[in-house]
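Okay, structure first, notes after.
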Amino acid sequence: MDKFVINGGNRLVGEVEISGAKNAAVAIIPATILAEGPCRIENLPNISDVSISFDILREMGATVKTINKNTVEIDTTHVSNPVVPYEMAKHMRASYYFLGALLGRFKRASVAMPGGCDFGVRPIDQHLKGFKSLGAEYSIDYGMIDVTADQLIGSQVYFDVVSVGATINVLLAAVRAKGLTIIENAAKEPHIVDLANFLNSMGAEIMGAGTDVIKIRGVDHLRSTSYSIIPDQIEAGTYMVMAAATKGDVLVKNVIPKHLESITAKLEKMGVEVTEYDDSVRVVSNGKLQKTSVKTLPHPGFPTDMQPQITTLLTLAEGTSIVTEGVWDNRFKYVDELRRMGADISVDGKVAVIEGCGSLTAAPVRATDLRAGAAMVIAALAAQGTTEIEDIYHIERGYEEIVNKLRSLGADIKKISIPGTVLKKAL
Ligand code: EPZ
């Protein structure tokens, strides 16, 4: 099994280029099913969640032509079987976006219940409620979700909870429904806006993406397009925290600073200097970190996908900090791993109390999920000594070339592949 071996204590200094957004990519790739003709997608992150999405498309009969490391041309013209089997869906939560896209094009879809990071119960009731409002019927049998409709009819969809996935799935189906769909209490994350921009570039009529009311006027045809994905907000935030954790000075390039505001605000509160430029941010830390409180919320609040990283940073601050998880029921499982590195954190349900001790010590740890894995890397970079991180396939689902990027900033990190072991797939 592959591991990262990190000798901590080096200051990160220099420039790092942020890749395209994972959570936009995993929605835009299924959305190509709706196009009548090939789509060129640029600025795709070269990560395993993207390659799994390509595998699913190919399995259904699409062609995916690599133009370069971050650009592909996808032609879904010959997709005829709207089925995503368990063997493929189990690797990735976002495989459920094929439901909305296939329903939009074929008026039927059959997708296995998805895998993904384990944060407790991850229901899909709001997705199904949305499809039902558009006139579809659904059933779940032996782990397969089947959705069918004679016709999709535009409708009013009110979400009981703000859900990124449900907003995206209803968008994907509603662009091909007859008439007007209005989504209320929609999610507002940057990747929702990116998907809407992508669909609009194909001829869809989506208004209001990025607000909590999205209006979609269904169209009969969606054409091929060429599109470049936005930079990854969470990858950028992770490198910002890495700079702060290592008394670093890092220019984080190819970002949209507006998307980083909630992260920037917390870092500044902790005493880290953040300077915004047009498409980059510079993060400078003198190592003296102050305590603060963080509550994760849907966008534009502090992102839950940055919660493990900021919690780790707070272990390096002086004083008692409180982190409240406002999105997921069970996203503090990684805390046990941080404790092995000397962190003093107590968790009660969705609240973690961190007694900052100013330092961490090296230990063997595991990545328990994608962002928890990023948190282990941050802890290891800051700790004195050599930390080995196992189960790094989680990290590689979402961080393109993390070893090379960190090395170019001065980190002492290597990936060790142990020959003869079977690579675990990301779940
Ligand atoms: C997306 O997951 C992201 N994944 C997650 O990022 C992220 O943590 C999450 O949004 C919140 O920002 C992708 O974009 C692929 P939700 P998603 O539906 O869509 C409840 C990462 O690290 N809910 O917005 O699955 C749910 O239980 C990943 O990159 C329902 O109750 O999240 C949760 O409490 C991990 N019913 C809340 O809503 C539903 O039908 C938000 O979930 C759907 C969700």
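One-based numbering, in listed order, for ligands and for the atoms of each.
Near K22, meaning under 4.0 Å from one of its heavy atoms, ligand 1 places the atoms 21 (C), 29 (O). Contact atoms of ligand 1 toward Q126: 36 (N), 39 (C), 40 (O) (distance under 4.0 Å to a heavy atom of the residue). Under a 4.0 Å criterion applied to the non-hydrogen atoms of T304, ligand 1 contributes the atoms 8 (O), 11 (C), 12 (O). Interface of H127 with ligand 1, defined as ligand atoms under 4.0 Å from a residue heavy atom, comprises 40 (O).
Remark: K295 NZ is loosely packed, at most 12 non-hydrogen atoms of other residues, nucleotides or ligands lying under 6.0 Å away.
Looking at ligand 1, you won't find any N or O of L370 less than 3.5 Å from one of its N or O atoms. The distance criterion of under 3.5 Å between nitrogen or oxygen atoms is met by G165 with respect to ligand 1. Close N/O approach between V327 and ligand 1 is found [any backbone or side-chain N/O within under 3.5 Å].
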Can you give the donor-acceptor pairs under 3.5 Å from side chains of residues 406-415 to other protein atoms, not counting sequence neighbours?
{"residue": "R407", "atom": "NE", "partner": "I413", "partner atom": "O", "Å": "2.9"}
{"residue": "R407", "atom": "NH2", "partner": "I413", "partner atom": "O", "Å": "3.2"}
{"residue": "S408", "atom": "OG", "partner": "K405", "partner atom": "O", "Å": "2.8"}
{"residue": "D412", "atom": "OD2", "partner": "N7", "partner atom": "ND2", "Å": "3.0"}
{"residue": "K415", "atom": "NZ", "partner": "E396", "partner atom": "OE2", "Å": "2.8"}

Under 3.5 Å, which donor-acceptor pairs link side chains of residues 33-47 to any protein atom two or more places apart or in another chain?
{"residue": "E36", "atom": "OE1", "partner": "H221", "partner atom": "ND1", "Å": "3.3"}
{"residue": "E36", "atom": "OE2", "partner": "H221", "partner atom": "ND1", "Å": "2.9"}
{"residue": "R40", "atom": "NE", "partner": "E42", "partner atom": "OE2", "Å": "3.1"}
{"residue": "N43", "atom": "ND2", "partner": "I229", "partner atom": "O", "Å": "2.7"}

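No side-chain heavy atom of V250 sits less than 4.5 Å from a side-chain heavy atom of V281.
R331 counts as a contact of ligand 1, since one of its heavy atoms falls under 4.0 Å from the ligand. Heavy atoms of P123 come nearer than 4.0 angstrom to ligand 1 in at least one pair. Residue contacts with ligand 1: Y96 is included, with a non-hydrogen atom under 4.0 Å away.
Both the backbone and the side chain of D125 come within 4.0 Å of ligand 1, judged by heavy-atom distances. The residue A166 has no part lying near ligand 1, judged by heavy-atom distances below 4.0 Å. At a heavy-atom cutoff of 4.0 Å, ligand 1 is contacted by the side chain of R371 but not by its backbone. Contact annotation: for H299 versus ligand 1, there are no heavy atoms closer than 4.0 Å.
The CD1 atom of I378 sits 10.0 Å away from the OH atom of Y239 when rounded to the nearest 0.5 Å.
Residue Y334 is tested with Q307, R339, R371 for a side chain to side chain donor-acceptor pair (under 3.5 Å); the sole match is Q307.
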With side-chain hydrogen bond (donor to acceptor under 3.5 Å, both in side chains) as the criterion, how do Q126 and D160 come out once you've worked through the C-alpha distance, each side chain's angles and the decisive distance to 0.1 Å? CA-CA 7 Å; Q126 300 301 306; D160 304 328; 3.3 Å; yes
Tell me, with the steps shown, if S133 and Q156 meet side-chain hydrogen bond (donor to acceptor under 3.5 Å, both in side chains). CA-CA 7 Å; S133 304; Q156 188 123 353; over 6 Å; no
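The closest non-hydrogen atom to atom 2 (O) of ligand 1, taken over Q307, E235, M306, R122, comes from R122. Around atom 32 (O) of ligand 1, the closest heavy atom drawn from Y97, W328, F159 belongs to W328.
In this structure, S53 contributes its side chain and D49 its backbone to a donor-acceptor pair below 3.5 Å.
Taking a cutoff of 4.0 Å between a charged side-chain nitrogen and a carboxylate oxygen, D305 and R331 qualify as a salt bridge.
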